[in-house]
Amino acid sequence: MNRDSPEKGAYGDGSPIAAFATPLAESALAVIRCSGDGAVELAAPFFSRPEKLKTAAGHSIVHGWIRHEGEKIDEVLVSVYRQPKSYTGEEGLDISCHGGIAAARGVMKILRKAGFRNALPGEFTFRAFMNGRIDLTRAESVMEMVSAKTGAGLRGAALRLSGALENEIRSLRDKLTDILAETEIYLDYSEDEFVPGGAEDPGGMAGEEGGGMPGRALAEEVLARLGALAASFKRERLYQDGALAVIAGKPNAGKSSLFNRLIGEDRAIVDEAPGTTRDFIEAWISIEGIPVRLADTAGLRDGLSPDSVENTGMDRSRALMAEADLVLCVTDGTEKYEHEKGFPFKGETPRLFIWNKADLPSCPAPPRGFLPVSAITGSGIPELCGAIAAALEKTAEGPHAPGGPGEMTGAAPGTQRQKELIDEAAAPLAEALDLADRGEPLDIIAPLLRESANALGEITGEVSSAGILEKMFSKFCVGK
Ligand SMILES: Nc1nc2c(ncn2[C@@H]2O[C@H](COP(=O)(O)OP(=O)(O)OP(=O)(O)O)[C@@H](O)[C@H]2O)c(=O)[nH]1
Ligand SMILES: [Mg+2]
């Protein structure tokens, strides 16, 4: 790791930093976070009880006033952290001020005077990583926790924060390192001496079929596990980023009524006249833990409408459907027209067929493949939500995706960076196995194993460079 002394004001310069940890808005409390060697000494002269603060034990709270030149700025509680038992691993203070903009800003101004500089985005977590408090997967999960939209998304992030991915990656890397160590031993034997599984094969690691590669079965196991991790990524993203579900159908089918029912409020205008919705409306909801961006669109007529605004609305509906992860095709069950299954969208996007107005006596039982619902009474809505979640899960499911909707089990990558490095670890490992199959010598196989192990090391941060770290942490929010 490059630990050359960085410029002043840059990540890792070690100077005392401070940042708002809560949004600057009217609120009950605001928290300002400070970290850095000597943080307590710096803040003490601006605190009403300087000696009390200076002698406070780690993990204790001191009550007092932030003051400057005799003026009381705000009454605060200061949580004191002593090195290395803090989030960053440095000495630190969390100052709980009164909420709102003025008090928190006033305290921050004093901290600047005291010598704290503004923290850069993610700088607290950067320091936690540099000081060995957390690995990179845990550092990234901190941001995932902050941005999680649903309970399921939070659970996935919490699993990573508790080290599920770190442990898995470290164990895979250890296995690769073992294989590499064995390989090095074989490389020390001259080729004609070496018989896999023979007297010179110290651990019998070359495997029964030979193939000339020590720890072959173990390498295959690692490769399979990397494949499973990569496959689980899509599902993780589904729970973190969410999906777009578009409600579409003929005019008057009850799309806006269904939209309102699903979001639980009267947002979209409902009217008995067809062609009511022109522009699409959207809202974020949680469906069985999946964040869903739900859109209500203008009804699609066969052919054009005499109304040009409605035609523009229909164009927008089609464009949105093309973008969607799932189209909810709503049919008015009481209508006598042909319920062509493909209507109203013929793209590749997964679809669910909904038979609306099931509450009306004139509504017959739905044809096969249609879900009967009533947007008015709410009947069939729980089943519809289940079907939406299942359909979205299916779009995101890799061959090894574990658990049912909302269930977060075991290790899975949560960020694009982690997923890419998992792929970068799998590719050379697959190549190594392939070369071994073809009887290629170990001296060209060993570097591929090393490449794979290095990619895994980058995931946890055991292998990293200052440039990569700065790029990564700069995407964090300030105060984290
Ligand atoms: N009985 C009954 N009426 C419904 C149901 N869903 C919608 N309606 C009625 O059908 C009419 C059209 O409903 P909307 O929700 O505006 O239909 P839409 O598909 O959004 O229509 P456009 O925006 O014009 O394309 C309204 O009079 C609703 O009250 C339902 O489940 N049962
Ligand atoms: Mg509508």
Side-chain angles (χ1 to χ4, degrees), residues 1-3 11-12 17 19 21 31 33 35 59 81 83-90 92 94 119-175 225-226 228-230 232-233 235-237 239-241 402 408-425 453-480:
M1 189 167 308
N2 181 357
R3 287 179 196 248
Y11 284 96
I17 50 172
V31 177
R33 193 178 218 190
S35 181
H59 290 95
Y81 301 95
Q83 192 190 15
K85 290 191 175 169
S86 70
Y87 179 68
T88 56
E90 302 169 331
D94 281 354
L120 298 164
E123 196 170 3
F124 293 90
T125 311
F126 176 87
R127 290 183 176 195
F129 168 71
M130 292 306 265
N131 293 327
R133 301 290 292 169
I134 49 174
D135 81 310
L136 283 189
T137 66
R138 293 190 205 221
E140 285 174 302
S141 72
V142 171
M143 268 321 282
E144 291 180 54
M145 298 283 291
V146 175
S147 56
K149 295 185 184 75
T150 69
L154 188 68
R155 281 195 290 281
L159 268 170
R160 276 181 288 286
L161 184 62
S162 27
L165 182 64
E166 178 191 359
N167 295 339
E168 173 82 2
I169 297 293
R170 281 194 202 278
S171 117
L172 294 179
R173 189 162 186 251
D174 286 348
K175 289 187 171 109
R225 198 51 213 139
L226 289 175
L229 283 174
S232 59
F233 179 63
R235 188 168 185 274
E236 285 293 318
R237 291 324 307 162
Y239 282 89
Q240 296 291 337
D241 300 341
M408 290 295 164
T409 49
T415 67
Q416 190 66 31
R417 186 194 76 89
Q418 294 162 359
K419 158 72 165 62
E420 279 167 14
L421 286 167
I422 285 169
D423 289 342
E424 276 175 38
N454 277 346
L456 293 183
E458 273 190 55
I459 297 178
T460 53
E462 280 161 279
V463 180
S464 65
S465 73
I468 291 173
L469 291 176
E470 277 183 25
K471 204 166 145 213
M472 202 183 113
F473 284 98
S474 62
K475 292 188 195 131
F476 278 44
C477 52
V478 174
K480 258 291 155 212

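Ile459 pairs with exactly one of Leu136, Leu421, Thr415 by the side chain to side chain contact (heavy atoms under 4.5 Å, CB included) rule, that one being Leu421.
Tyr11 places no side-chain N or O within 3.5 Å of a backbone atom of Arg127 that could act as its donor or acceptor partner. Side chain of Arg33 to backbone of Gly479: a donor-acceptor contact under 3.5 angstrom is found. The main-chain N or O of Leu229 is found under 3.5 Å from a side-chain atom of Ser232 such that the two form a donor-acceptor pair. Side chain of Thr150 to backbone of Gly153: a donor-acceptor contact under 3.5 angstrom is found. Between the Arg138 side chain and the Arg160 main chain, no donor and acceptor come within less than 3.5 Å of each other. The main-chain N or O of Thr88 is found under 3.5 Å from a side-chain atom of Asn131 such that the two form a donor-acceptor pair. Under a 3.5 Å cut-off, the side chain of Gln240 and the backbone N or O of Glu236 do not form any donor-acceptor pair.
At a threshold of 4.5 Å between non-hydrogen side-chain atoms, the residues Met130 and Leu469 count as touching. Between Lys475 and Pro121, every side-chain heavy-atom pair lies at or beyond the 4.5 Å cut-off. Phe233 places a side-chain heavy atom less than 4.5 Å from the side chain of Gln416.
Annotation: the span from Glu144 atom CD to Leu154 atom CG amounts to 10.0 Å, rounded to 0.5 Å. Separating the CD atom in Glu123 from the CD1 atom in Ile17 is a distance of 4.0 Å, to the nearest 0.5 Å. Expressed to the nearest 0.5 Å, how far OG1 of Thr460 lies from CD1 of Ile134 amounts to 12.5 Å.
Shown here for Val478 and Ala119, the closest heavy-atom pair between the two residues is CG1-O, 3.8 Å. Taking both residues in full, the closest heavy atoms of Phe476 and Gly122 are given as CB-CA, 3.3 Å, listed atom of the first, atom of the second, then distance. Shortest non-hydrogen contact noted between Leu456 and Ile169 is O-CG2, 3.4 Å. The shortest heavy-atom contact between Leu165 and Gln418 is CD2-OE1, 3.4 Å. The nearest pair of heavy atoms linking Ala230 to Lys419 is O-CE, 3.6 Å. A pairwise comparison of heavy atoms in Ser35 and Glu90 identifies OG-OE1, 2.5 Å as the closest pair.
For Lys480 and Tyr87, the positive end sits near the middle of the six-membered ring, less than 6.0 Å away and at most 45° from its axis.
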task: I would like to know whether Thr137 and Glu166 meet side-chain hydrogen bond (donor to acceptor under 3.5 Å, both in side chains); could you show each step before the answer?
output: CA-CA 6 Å; Thr137 66; Glu166 178 191 359; 4.9 Å; no
query: Given the rule in the side-chain contact (heavy atoms from CB on, under 4.5 Å) test, do Asp135 and Arg170 qualify, once you have shown the distances and angles that lead to the verdict?
result: CA-CA 11 Å; Asp135 81 310; Arg170 281 194 202 278; 3.7 Å; yes
